[in-house]
Each structure stands twice: as C-alpha cells, then as structure tokens.
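One structure below.
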2 protein chains.
Amino acid sequence: MKRTIENIEYEQNSIDIAVFAKALGHPTRVEILKYLDSQSCCFTGDLVDVFPIAQSTISQHLKELKNAGLIQGELKPPKIRYCIDRENWEKARLLFDEFLK
Amino acid sequence: MKRTIENIEYEQNSIDIAVFAKALGHPTRVEILKYLDSQSCCFTGDLVDVFPIAQSTISQHLKELKNAGLIQGELKPPKIRYCIDRENWEKARLLFDEFLK
DNA sequence: CATATTAATCGCAAAATTACGATTAGTTTT
DNA sequence: AAAACTAATCGTAATTTTGCGATTAATATG
C-alpha cells in the first residue's frame, strides 16, 4: 500500500471499537463465538466437527479472536480449551453500546 | 482462494452482525461515523477537511458504510449530504446488544 | 456556453484476509 | 521408545482491502 500519510492518528476509542469489530467481521467467527457462548467453552476439535471448514482455517479464526481479546485459550493437554474472555467481552459490549446509542 | 467448500451456510443473524461489524472494522470509518453523529449530517468535503486522507479514500470508506447500510446519501447538488441511517443503526445496536449480552 | 466545484470512479500497487493441505510441536497412550 | 492425537504453524494461492493520484460526471456559477 502506498501510505503517504503513515501514522494517521485515531482516538484510542475508535481503535478499540475497530479491533473488536474487525474480529466480528466474519460470519464464521461470529458463529464460533455463538458456539463458544452456548457451550461456555470448547476445544478446537469440537469446532472442526461443527463447522465445515478445515482445521487450519478454524485455528486461524481462533487466533484472530484471541488477538482481538475476545477469547482465551487454556492448556488442557493434549487439548486447548477456548473460552470467551468475559472481561473484554464486557468491554466490547460497553464500547458498542456507547457508540451505537 | 481455494474454496473447496464454497457456499458455507451461516445463520442470517451471523451474516448481519458480520456485515455491520466489518464496516466498523476500520478506525477511519468509526471516526467518520462519530463525526456524522456529532454533526448529524455532513458532506464529503467536510470529511476531507477533517481527516488527513485523500478524497478518493474517504469516498471509498463512505461507499462501504453505505453498502453496509450504516449511512445514507442525499443529493443536495452539487454536494451530497451524508447522514447516519438511523433505522439500520438501531438494527445494528439491537444485534450487537443481543449478541454481546 | 465556458468554468468551477463536488464527489464518485478508474487504474494501480501494496498489504491483509481467507482458505487449503502439509508439516510440525507438544502431549498421551501403548 | 513408538504410535496416536491435538492444534498451531508454514507455504501457497486467490481475493479483498486500503490508499493514492488522475479522471470523469454532474451540477452550479460566471
């Protein structure tokens, strides 16, 4: 990309909203979160069974959700247990609520 | 992309959330919406003055917000007046509220 | 009618996203 | 120690996004 103006300055609040929103910006990730919420937690393998997409793709989506802070992974060898990060979830809720009100 | 499984089926609700979220997934678009909200309406030219990015880039962001249904443009020749689409805005609010609760 | 103004669109380039299969790393189990 | 299992990472490819300058279309003004 030709970014002649690199380092555009944004309000922190705008960045926070954008980061959460971007993570929610794919239907698969939305449905992963719905599933996670309904099960309270789950393993990658569960998702591979539920969604008709490759294991590596699911792993990638999980990574993005994790990077955005919406989920956390807990080591339960040999599996990894993913749960919604309730603290950030609440933060996102407040941000969207405030923004969209 | 190698999409061996094309036509993945999603819940309509997940698609709706993802479409709104994707539109909100860039800080510039979030700030455009904030500005629109604060001014209730505005012209493209106002945004060009406010944001340090090219006119064509702003136009593109406006297009995406419009495609997602978050804003609407009204012809006020020779300008175009952009306002938040309150109906869809409310729809988005309800979707996120329900989803993040 | 010619000129100015406004904002969309075009064409391009760089970067990010999405998806896959294959491989790898880390644990268990045998 | 060998085999099995789980999930991340790698490498690749197609597509989409982001951004710019230049051009265009549409309207308004002189």
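In what follows, chains are A, B, ... by sequence order, proteins preceding strands, each numbered from 1. Excluded from the calculations below are hydrogen atoms, water molecules and symmetry mates; all remaining heavy atoms, backbone and side chain alike, are included.
- The nucleotide whose nearest atom lies closest to any side-chain atom of P78(A) is, among dG19(D), dT9(C), dT6(D), dT6(D).
- The minimum heavy-atom distance linking K22(A) with R29(A) is given by the pair O-NH2, 3.4 Å.
- Between the CD atom of E64(A) and the P atom of dT16(D) there is a distance of 16 Å, given to the nearest Å.
- Taking side-chain N and O atoms only, H61(B) has no distance below 4.0 Å to OP1 or OP2 of dT17(D).
- Considering only side-chain N and O atoms, T44(A) lies under 4.0 angstrom from the phosphate OP1 or OP2 of dA8(D).
- The distance between atom CZ of R81(B) and atom P of dA7(C), rounded to the nearest whole Å, is 12 Å.
- Whole-Å rounding puts the Q60(A) CD to dA8(D) C1' distance at 11 Å.
- No side-chain donor from either of T44(A) and K79(A) sits under 3.5 Å from a side-chain acceptor of the other.
- When rounded to the nearest whole Å, the span between CG of L24(B) and P of dT17(D) equals 15 Å.
- Side chain to side chain, Y10(A) and T28(B) meet the donor-acceptor criterion of an N or O pair below 3.5 Å.
- The side chain of K79(A) places no N or O atom within less than 4.0 Å of a non-bridging phosphate oxygen (OP1 or OP2) of dT28(C).
- Between the C1' atom of dT5(C) and the CZ atom of F43(B) lies a distance of 13 Å, rounded to the nearest Å.
- Considering only side-chain atoms of I80(B), the nucleotide from dA22(C), dC20(D), dA7(C) that sits closest is dA7(C).
- Looking at I71(B) and C83(B), their side chains never come closer than 4.5 Å, going by heavy atoms from C-beta outward.
- Between L24(A) and F99(B) there is a side-chain heavy-atom pair separated by less than 4.5 Å.
- Contact annotation: K22(A) side-chain N/O to dA16(C) OP1/OP2 distance is not under 4.0 Å.
- Rounded to an integer number of Å, the gap from E74(B) CD to dT6(C) P is 18 Å.
- Computed from coordinates, the I53(B) CD1 to dT17(D) P distance equals 17 Å when rounded to whole Å.
- Following rounding to the nearest Å, K63(A) (NZ) and dA16(C) (P) show an atom-to-atom distance of 13 Å.
- Here R29(A) lies in heavy-atom contact (under 4.0 Å) with sugar-phosphate atoms only.
- The nucleotide whose nearest atom lies closest to any side-chain atom of S59(A) is, among dA7(D), dT18(C), dG19(D), dA7(D).
- Of the side-chain N and O atoms in Y82(B), one or more sit less than 4.0 angstrom from OP1 or OP2 of dA8(C).
- Taking only side-chain nitrogens and oxygens, T57(A) never comes nearer than 4.0 Å to OP1 or OP2 of dT18(C).
- With the nearest nucleotide of DNA chain C identified for both Q55(A) and L62(B), L62(B) has the one nearer the 5' end.
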